[in-house]
**Student:** 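One structure, as structure tokens, below. Some questions next.
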Amino acid sequence: MQHEITTAPSEPVPTTRRSLDSARYAKAIENSKKIRWDIDRDVLRGRELDFSSTRFLPDGLTKLNALSFLDPEGRRLLSQIQGRTYANIFGLVERYINAKVLELSQDHWFGDQKALEALIRFSDEELKHQELFRRLEQMIALGMPRGYRFLPEPNGVASVVLGKSTWAVLALTCHIELFTQAHYRESIEPDSELSPLFKDVFLYHWKEESQHAILDELEWRRADAKLSPAQRDQAVDDFISLVVAVDGLLQMQANADVDYFLELRPEHANCPDAELLEAALLRAYRWQYIVSGAQHPHFGEVLSSLVTPAQLQRIMDALAPLVAFTVEAST
């Protein structure tokens with residue numbers, strides 16, 4: 001039996017837009033080749049972490065400035081605990097991101113081969129990042145006292161996220177990879193007192209994430225173009241539900257990190273220190289993983305171009321209590 005071969009594209013796309021997008025995929029490939037790095041050769045380089053005298057995260061991310069009762073050793077320890085969680089959360093989200101990128105690549109199998117190559121490179125780099133963060137966790141576990149617990153389970157979280165619409169998943173992903181860049185440029189890179197090794201982990205991570213954010217936006221806009229108004233409205237609800245789910249994970253992990261700190265520094269276990277610690281860590285985590293991305297100018301620009309004013313207001317209303325908390329806890 002002979003089979004008819006179809007030569008017409010399944011999704012007609014205006015030539016100008018298709019050409020512009022293809023050029024952006026091609027540029028991402030070019031940049032990926034230029035900045036390609038190796039975990040051992042470029043990042044770790046046989047070094048070890050210094051737990052005795054260096055912080056892992058800067059004050060701009062830890063939000064510990066308001067905790068005047070902490071001595072320098074306590075501030076350093078909390079920075080290291082937060083840094084450990086910071087790295088583990090990136091390893092967590094990259095589990096679902098890689099699965100989604102591989103799924104999206106199917107749309108390009110018989111289409112734009114530049115887009116296909118760009119996404120395959122994206123996937124390969126995300127797998128490398130997961131390995132980097134696993135290696136970093138192993139190094140930290142050797143140097144810190146026992147008792148730390150990272151509670152979110154990567155596969156379980158990925159299953160929940162991937163159960164939402166592609167539009168919502170890509171919105172969350174674009175948000176994450178934009179704040180990753182902002183954190184490095186604005187807080188990590190300028191701080192000369194951080195652990196050089198920990199700092200390098202996020203330097204090299206940032207280099208590749210800067211390309212991933214471009215691809216996120218391209219795929220997000222492509223997914224958006226397929227939606228009916230009703231489907232987009234549901235996608236907005238999906239995105240809000242993902243933000244709420246992320247906040248639930250952050251509350252859980254912030255409590256676990258405070259418990260770990262108090263086990264090591266029991267002199268702070270009584271009120272008001274413990275309450276102030278809980279507020280400070282939750283404020284830091286909400287800022288790191290939700291608010292800093294939601295307030296990123298480019299994320300706001302892209303989001304506003306895809307949704308109606310009413311849909312944008314729904315998202316802002318959902319974020320408002322989280323934003324308010326990060327302000328209130330600092331006053």
**Student:** Give the intermediate values and the outcome of salt bridge (charged side-chain N to carboxylate O under 4.0 Å, His left out) for residues Lys199 and Asp191.
**Tutor:** CA-CA 9 Å; Lys199 192 171 180 177; Asp191 195 328; over 6 Å; no
**Student:** Out of curiosity, Leu218 CG to Leu119 CG, how far, rounded to the nearest 0.5 Å?
**Tutor:**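 Answer for the CG-CG pair, Leu218 versus Leu119, is 9.0 Å.
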**Student:** Check this for me: does any side-chain nitrogen of one of Glu137 and Arg134 sit under 4.0 Å from a carboxylate oxygen of the other?
**Tutor:**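 No, no charged N to carboxylate O under 4.0 Å.
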**Student:** Does NZ or CZ of Arg283 lie under 6.0 Å from the centre of the six-membered ring of Phe325, at an angle within 45° of the ring axis?
**Tutor:**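 The answer is no, since Arg283 fails at least one limit relative to Phe325.
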**Student:** Assess whether side chain to side chain contact (heavy atoms under 4.5 Å, CB included) is satisfied between Leu277 and Leu67, documenting all intermediate values.
**Tutor:** CA-CA 8 Å; Leu277 281 165; Leu67 301 181; 3.8 Å; yes
**Student:** Please assess Glu208 against His129 for the test side chain to side chain donor-acceptor pair (under 3.5 Å), listing each intermediate value before the final yes or no.
**Tutor:** CA-CA 9 Å; Glu208 291 181 339; His129 297 175; 2.7 Å; yes
**Student:** Which residue is it: Trp37, Tyr184, Phe133? I am looking for the one with a ring pair (Phe, Tyr, Trp, His ring centres under 6.0 Å) to His205.
**Tutor:**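 That would be Phe133.
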**Student:** Yes or no on side chain to side chain contact (heavy atoms under 4.5 Å, CB included) for Trp206 and Ile188, after CA distance, side-chain angles and deciding distance?
**Tutor:** CA-CA 11 Å; Trp206 163 75; Ile188 297 174; over 6 Å; no
**Student:** Quick check: closest heavy atoms across Leu61 and Gln82, and the distance to 0.1 Å?
**Tutor:**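 Closest heavy-atom pair between Leu61 and Gln82: O-OE1, 4.0 Å.
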**Student:** Main chain of Gly300, side chain of Gln295: is a donor-acceptor contact present, judged purely on distance under 3.5 Å?
**Tutor:**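 No; zero donor-acceptor contacts below 3.5 Å.
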**Student:** Without swapping roles, check the side chain of Asp59 against the backbone of Asn65 for a donor-acceptor pair under 3.5 Å.
**Tutor:**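 Flag not set: sc Asp59 to bb Asn65 has no pair under 3.5 Å.
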**Student:** Tell me the closest heavy-atom pair linking Ala254 and Leu281, and the distance in Å.
**Tutor:**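 In this case the closest contact between Ala254 and Leu281 is O-CD2, 4.0 Å.
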**Student:** Taking atom types as modelled and ignoring hydrogens, do the side chains of Ser53 and Asp50 form a donor-acceptor contact shorter than 3.5 angstrom?
**Tutor:**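 Yes, Asp50 and Ser53 have a side-chain donor paired with an acceptor closer than 3.5 Å.
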**Student:** Could you check whether Asn255 and Gln251, counting side-chain N and O atoms only, form a donor-acceptor pair closer than 3.5 Å?
**Tutor:**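 No pair is found: no donor N or O on one side chain lies under 3.5 Å from an acceptor on the other.
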**Student:** In the structure I gave you, are the side-chain heavy atoms of Ile290 and Leu250 within less than 4.5 Å of one another anywhere?
**Tutor:**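 A side-chain contact under 4.5 Å exists here.
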**Student:** Determine, for Asp200 against Arg45, whether the closest basic-nitrogen to carboxylate-oxygen distance falls under 4.0 angstrom.
**Tutor:**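 Yes, this pair counts.
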**Student:** Between Glu117 and Arg121, is the closest basic N to carboxylate O distance under 4.0 Å?
**Tutor:**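 Salt bridge present between Arg121 and Glu117.
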**Student:** Assess whether side chain to side chain contact (heavy atoms under 4.5 Å, CB included) is satisfied between Tyr96 and Thr173, documenting all intermediate values.
**Tutor:** CA-CA 9 Å; Tyr96 93 75; Thr173 306; 2.8 Å; yes
**Student:** Is it the case that the side chain of Arg75 and the backbone of Leu64 share a donor-acceptor pair, with hydrogens and angles ignored and the cut-off at 3.5 Å?
**Tutor:**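 Such a contact is found between Arg75 side chain and Leu64 backbone.
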**Student:** Tell me the closest heavy-atom pair linking Ser304 and Leu312, and the distance in Å.
**Tutor:**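 The answer is OG-CD2, 3.6 Å.
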**Student:** Exactly one of Phe299, Trp220, Tyr289 should register a ring pair (Phe, Tyr, Trp, His ring centres under 6.0 Å) with His175. Which one does?
**Tutor:**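 Answer to the ring pair (Phe, Tyr, Trp, His ring centres under 6.0 Å) test with His175 among Phe299, Trp220, Tyr289: Phe299.
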**Student:** I'd like to know if Asp107 and Arg222 make a salt bridge, using a cut-off of under 4.0 Å between side-chain N and carboxylate O.
**Tutor:**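 Looking at Arg222 together with Asp107, the answer is yes, because their closest N to O distance falls below 4.0 Å.
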**Student:** Would you mind checking if Arg84 and Asp257 are paired as a salt bridge, meaning a charged N to carboxylate O distance below 4.0 Å?
**Tutor:**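 Salt bridge: no.
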**Student:** Roughly how far, to the nearest 0.5 Å, is CD1 of Ile29 from CD of Gln211?
**Tutor:**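 Taking CD in Gln211 and CD1 in Ile29, the distance rounds to 11.0 Å.
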**Student:** What's the verdict on salt bridge (charged side-chain N to carboxylate O under 4.0 Å, His left out) for Arg36 and Asp42, showing C-alpha distance, side-chain angles and the deciding distance?
**Tutor:** CA-CA 10 Å; Arg36 181 73 180 175; Asp42 301 308; over 6 Å; no
**Student:** Verify whether the ring centers belonging to Phe51 and Phe56 lie closer than 6.0 Å.
**Tutor:**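 That pair passes the under 6.0 Å test.
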**Student:** Is it the case that the side chain of Ser195 and the backbone of Leu49 share a donor-acceptor pair, with hydrogens and angles ignored and the cut-off at 3.5 Å?
**Tutor:**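 Not a single qualifying donor-acceptor pair exists.
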**Student:** Do NZ/NE/NH1/NH2 and the carboxylate oxygens of Arg47 and Asp40 come within less than 4.0 Å?
**Tutor:**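 Not counted as a salt bridge, because no side-chain N and carboxylate O are separated by less than 4.0 Å.
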**Student:** Does the side chain of His183 pick up a donor-acceptor pair with the side chain of Gln288 at under 3.5 Å?
**Tutor:**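 No donor-acceptor contact under 3.5 Å links the two side chains.
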**Student:** When you measure from the side chain of Glu217 to the backbone of His298, do you find a donor-acceptor pair of N or O atoms at a distance under 3.5 Å?
**Tutor:**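 No; zero donor-acceptor contacts below 3.5 Å.
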**Student:** May I have the step-by-step check of side chain to side chain contact (heavy atoms under 4.5 Å, CB included) for Phe198 and Leu57, ending in yes or no?
**Tutor:** CA-CA 8 Å; Phe198 202 87; Leu57 284 184; 4.1 Å; yes
**Student:** Tell me, with the steps shown, if Glu219 and His108 meet side chain to side chain donor-acceptor pair (under 3.5 Å).
**Tutor:** CA-CA 11 Å; Glu219 291 296 311; His108 302 289; 3.0 Å; yes
**Student:** I need the minimum non-hydrogen distance between Ala168 and Leu242, along with the two atoms involved.
**Tutor:**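 Nearest heavy atoms, Ala168 then Leu242: O-CD1, 3.9 Å.
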**Student:** Tell me the closest heavy-atom pair linking Asp38 and Arg41, and the distance in Å.
**Tutor:**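 Closest heavy-atom pair between Asp38 and Arg41: OD2-N, 2.8 Å.
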**Student:** Should Lys27 and Glu30 count as an ion pair when the cut-off is N to O under 4.0 Å?
**Tutor:**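 Here Lys27 pairs with Glu30 in a salt bridge, since their nearest N and O are under 4.0 Å apart.
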**Student:** Verify the cluster assignment for Val101 and Leu127: are they in a single hydrophobic cluster under the rule of side-chain heavy atoms below 4.5 Å apart?
**Tutor:**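 Cluster IDs for Val101 and Leu127 differ.
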**Student:** Is it possible for you to say whether Leu132 and Tyr204 belong to one hydrophobic cluster, with membership spreading through side-chain heavy-atom contacts below 4.5 Å?
**Tutor:**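 Same hydrophobic cluster.
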**Student:** How close do Arg76 and Arg55 get, heavy atom to heavy atom, and via which atoms?
**Tutor:**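 That would be CA-CG, 4.1 Å.
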**Student:** Using a strict cut-off of less than 4.0 Å between a Lys/Arg side-chain nitrogen and an Asp/Glu carboxylate oxygen, indicate whether Asp216 and Arg221 qualify as a salt bridge.
**Tutor:**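 Salt bridge flag = no for Arg221 with Asp216.
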**Student:** Tell me whether the rings of Phe90 and Phe202 are parallel (<30°), tilted (30 to 60°) or perpendicular (>60°).
**Tutor:**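 If you compare the ring of Phe90 with that of Phe202, the planes turn out tilted.
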**Student:** I would like to know whether Asn98 and Gln130 meet side chain to side chain donor-acceptor pair (under 3.5 Å); could you show each step before the answer?
**Tutor:** CA-CA 10 Å; Asn98 185 58; Gln130 289 184 58; 5.5 Å; no
**Student:** Under a single-linkage definition using a 4.5 Å side-chain heavy-atom cutoff for Ile, Leu, Val, Met, Phe, Trp and Tyr, are Leu104 and Ile120 assigned to the same hydrophobic cluster?
**Tutor:**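 The answer is no; the residues belong to distinct hydrophobic clusters.
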**Student:** Hey, is the main chain of Gln231 close enough, under 3.5 Å, to the side chain of Gln234 for a donor-acceptor pair?
**Tutor:**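 No.
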**Student:** Which pairs, with at least one residue in residues 151-160 and sequence neighbours excluded, count as a side-chain hydrogen bond (donor to acceptor under 3.5 Å, both in side chains)?
**Tutor:**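 Those involving residues 151-160 are Arg95-Asn155.
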**Student:** As an exercise, state the distance from CD of Glu189 to CG of Leu194, rounded to the nearest 0.5 Å.
**Tutor:**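 One gets 10.0 Å once the value is rounded to the nearest 0.5 Å.
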**Student:** Determine, using the 4.5 Å side-chain heavy-atom cutoff (strictly less than), whether Leu227 and Val302 are members of one ILVMFWY cluster.
**Tutor:**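 Per the 4.5 Å side-chain linkage, Leu227 and Val302 are co-clustered.
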**Student:** Do we see a donor-acceptor contact under 3.5 Å between the side chains of Thr166 and Lys100?
**Tutor:**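 Short answer, yes.
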**Student:** Starting at OG of Ser105, measure out to CG of Leu116 and round the result to the nearest 0.5 Å.
**Tutor:**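 Going from OG on Ser105 over to CG on Leu116, the span is 6.0 Å.
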**Student:** Mind checking whether Val246 and Leu151 sit in one hydrophobic cluster, side chains of I, L, V, M, F, W, Y counted as touching below 4.5 Å?
**Tutor:**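 Yes: a chain of side-chain contacts under 4.5 Å links Val246 to Leu151.
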**Student:** Above 12 or not: heavy atoms from other molecules or residues under 6.0 Å from CD of Glu48?
**Tutor:**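 Result for CD/Glu48: open.
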**Student:** Is it true that, when you exclude Met252 itself, more than 12 heavy atoms of the residues, nucleotides or ligands shown sit nearer than 6.0 Å to its CE?
**Tutor:**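 Count over threshold, so yes.
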**Student:** Are His296 and Gln181 linked by a side-chain donor-acceptor pair shorter than 3.5 Å?
**Tutor:**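 Result is no, nothing qualifies.
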**Student:** Looking at Phe69, I want to see if its CZ is surrounded by more than 12 non-hydrogen atoms of other residues, nucleotides or ligands under 6.0 Å.
**Tutor:**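 Yes, enclosed.
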